[in-house]
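This report concerns only the one structure given below.
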Amino acid sequence: MSRNGSATLNNFYMPAILLARQALSVLSFGALVGWKYLPRWLLKEGFKSIPVSAGAIGMGCIGFPAHPAWEVTSACNLTCIHCHASGGRPSPDEMDTVDAKRFIDDLAKVTEFRMLVYTGGEPTVRPDLMDLLAHSKDAGFRNVIATNATLIDINMAREMTRHGVVGAAVSLDSPTEETHNFVRNSPRAYELAMRGIRAIREAGMLLQINVTAMNYNFDFLGEIIDLADEFGTSIMLMYQLVPVGRGQGIEEASLDLEENERLLRFLQKKQRNAHTIIEPVAGPQYWPHLLESKRITSGWPLRLAETVFHGCSAGRGFVYIKPDGEVWPCPFVPVNCGNVRHKKFLEIWRESEVFQNLRNRETRLKGKCGDCRYSTVCGGCRGRSMAASGGDYLAEDPSCFLPVRRKKLTAP
């Protein structure tokens, strides 16, 4: 029981099938890309990653389903040029401490969840952050912080670990100060992020690096991965710029169809000799691309892939909560499915028409995505689809580069 009397969540190893599915996901992925360092990663990083990926039933966009990410504040000490949340000042209607704790208790009633991501804005600027972390730890969550790391020193990092933070996802947009500081719109962002990364490692948290691929840094992505390996990074999420929020102002920097293909082919090749595991975000075509590169198009290998690879996770396990309590399927799919101040989260999670559409995407997607035999392992990026179509989150993904032979097949 938690200190407020509510039942706590199941632990990350309950039921054991979760651990089996996570292991099967990584092993299948490693086999598809020919990952040289897979055995080493399993021994050195794999066990550390289990609490961070708590609740995962496979690999997919923004890491894996099922988990919630909570934008605890819109406030941020930086004004990054690509920020989907347009972080800067706090929103006037952000949940206060009492409402936030009530929401955490409500969130803990979802049996699929084990882990909670605190994001922003910049979560470390919220004055009651440690109090909220302690509350979610008490409810049974494994806490993860998504941060620019510029405010994290060793004292803060150690305090985070005491309050249940098992992993930190640090944004890094370049191996050089010049480009990173340009993207982050701050002359000291790189220097302070390096300090934060060192503190996170010293405090014993799992280190995840988040990169947003765009035209400003596209030619340096290999160097960023090499730098992440030097840090001892366990997981890397390779985002693509989706033109939402402040990112709408630099839409021309987002990757087009050919660049999306080039990026995913590059990741496949780079993964073979990388120490960290790299997963794309807003590029779910990666999973069918890996299958096609091994000529896996039907039969039990495809059915296995459909079990462990989930492509776009928006609304299908991943959920995003805004500071004012609005519930979205994804930070790149700004569709209000309800507000936790007016309705129980569990009701929104179970009953939202938007979530139901996304969870049944095999029959409800439109255009090429609707006809595609890879609708389960990919499903197209719903954020890109929505941005490109003018608001239809079920539209086809214009960044798909897969060949025309995408019609659904009946597996023997």
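- Ring centroid separation for the pair Tyr216 and Phe182 comes in under the 6.0 Å cut-off.
- Between Asp96 and Arg341 there is no salt bridge, since no side-chain N of the basic residue sits under 4.0 Å from a carboxylate O of the acidic one.
- Between the Lys137 side chain and the Arg162 main chain, a donor and an acceptor come within less than 3.5 Å of each other.
- Between Trp41 and Trp35, the two ring planes are tilted [angle within 30° to 60°].
- Minimum heavy-atom separation, Ile154 to Ala203: CD1-N, 4.2 Å.
- No side-chain N or O of Thr119 forms a donor-acceptor pair with one of Glu71 less than 3.5 Å apart.
- Looking at Thr150 and Asn148, their side chains do bring a donor and an acceptor atom within 3.5 Å of each other.
- Atom CG of Leu267 sits about 9.5 Å away from atom CG of Leu290, to the nearest 0.5 Å.
- For the pair Met130/Met156, a side-chain contact is recorded, criterion being any heavy-atom separation below 4.5 Å from C-beta on.
- Side-chain N/O atoms of His163 and Asp131 include no donor and acceptor closer than 3.5 Å.
- Between Asp226 and Lys270 there is a salt bridge, since a side-chain N of the basic residue sits under 4.0 Å from a carboxylate O of the acidic one.
- Closest non-hydrogen pair, Leu32 versus Lys294, comes out as O-CE, 3.1 Å.
- Using the six-membered ring where Trp is involved, Tyr118 and Trp70 have ring planes that are tilted, between 30° and 60° apart.
- When only modelled atom types and interatomic distance are considered, Ser293 and Gln268 share a side-chain donor-acceptor pair under 3.5 Å.
- Among Phe29, Trp287, Tyr286, the one residue that satisfies the ring-ring contact (aromatic ring centres under 6.0 Å, His included) test with Phe309 is Trp287.
- Judged by distance alone, the side chain of Asn260 and the main-chain N or O of Ser399 form a donor-acceptor pair under 3.5 Å.
- Counting only distance, with no hydrogens or angles, the side chain of Ser174 and the backbone of Thr176 share a donor-acceptor pair below 3.5 Å.
- Aromatic ring pairs are classed by plane angle as parallel below 30°, tilted from 30° to 60° and perpendicular above 60°; the pair His180 and Tyr190 is perpendicular.
- Taking CD of Glu326 as the reference point, atom CG of Asn336 lies at 3.5 Å (rounded to 0.5 Å).
- Using modelled atom types and a 3.5 Å distance limit, the side chains of Ser186 and Asn181 yield no donor-acceptor pair.
- Counted within 6.0 Å of CZ on Arg364, heavy atoms from surrounding residues, nucleotides or ligands total more than 12; the atom is thus considered enclosed.
- Using a 4.5 Å cut-off on side-chain heavy atoms (C-beta onward), Trp328 and Val333 make no contact.
- Inspection of the Asp397 and Ser385 side chains reveals no N or O donor paired with an N or O acceptor under 3.5 Å.
- Side-chain N/O atoms of Asn143 and Ser136 include a donor and acceptor closer than 3.5 Å.
- Donor-acceptor pairing under 3.5 Å is lacking for the side chains of Glu122 and Asn77.
- The two atoms that bring Arg126 and Ala100 nearest to each other are NH2-CB, 3.9 Å, heavy atoms only.
- Under the 3.5 Å distance criterion, the side-chain polar atoms of Asp173 are left unmatched by any main-chain donor or acceptor of Val183.
- Ion pairing of Glu362 with Arg316 is present here, as a side-chain N (NZ or NE/NH1/NH2) and a carboxylate O approach within less than 4.0 Å.
- Across all non-hydrogen atoms, the minimal contact from Ala282 to Cys61 is N-SG, 3.2 Å.
- A distance of 5.5 Å separates CG in Leu172 from CD1 in Ile209, rounded to the nearest 0.5 Å.
- To the nearest 0.5 Å, the span separating CD1 on Ile277 from CD on Gln208 amounts to 11.0 Å.
- Taking the charged nitrogens against the carboxylate oxygens, Asp371 and Lys368 have no contact shorter than 4.0 Å, which rules out a salt bridge.
- By the 4.0 Å N-to-carboxylate-O rule, Arg384 lies too far from Glu251 to be salt-bridged with it.
- A ring-centre distance under 6.0 Å is not found for Phe113 and His67.
- Between Arg188 and Glu177 there is no salt bridge, since no side-chain nitrogen of the basic residue lies less than 4.0 Å from a carboxylate oxygen of the acidic one.
- Taking every heavy atom of both residues into account, Thr233 and Ala228 meet most closely at OG1-O, 2.8 Å.
- A pairwise comparison of heavy atoms in Phe401 and Leu264 identifies CE2-CD1, 3.6 Å as the closest pair.
- Within the model, atoms CZ of Arg158 and OG1 of Thr161 stand 8.5 Å from one another, a figure rounded to the nearest 0.5 Å.
- One finds a salt bridge joining Glu261 and Arg265 here, because a Lys/Arg side-chain nitrogen approaches an Asp/Glu carboxylate oxygen to under 4.0 Å.
- Under a cut-off of 6.0 angstrom, the local environment of OH in Tyr13 is sparse, with at most 12 non-hydrogen atoms contributed by other residues, nucleotides or ligands.
- Taking 4.5 Å as the limit, some side-chain heavy atom of Pro68 sits within range of a side-chain heavy atom of Ile321.
- Without hydrogens or angle criteria, Asn217 side chain to Ala213 main chain gives no donor-acceptor distance under 3.5 Å.
- A donor-acceptor pair under 3.5 Å is formed between the side chain of Arg246 and the backbone N or O of Cys80.
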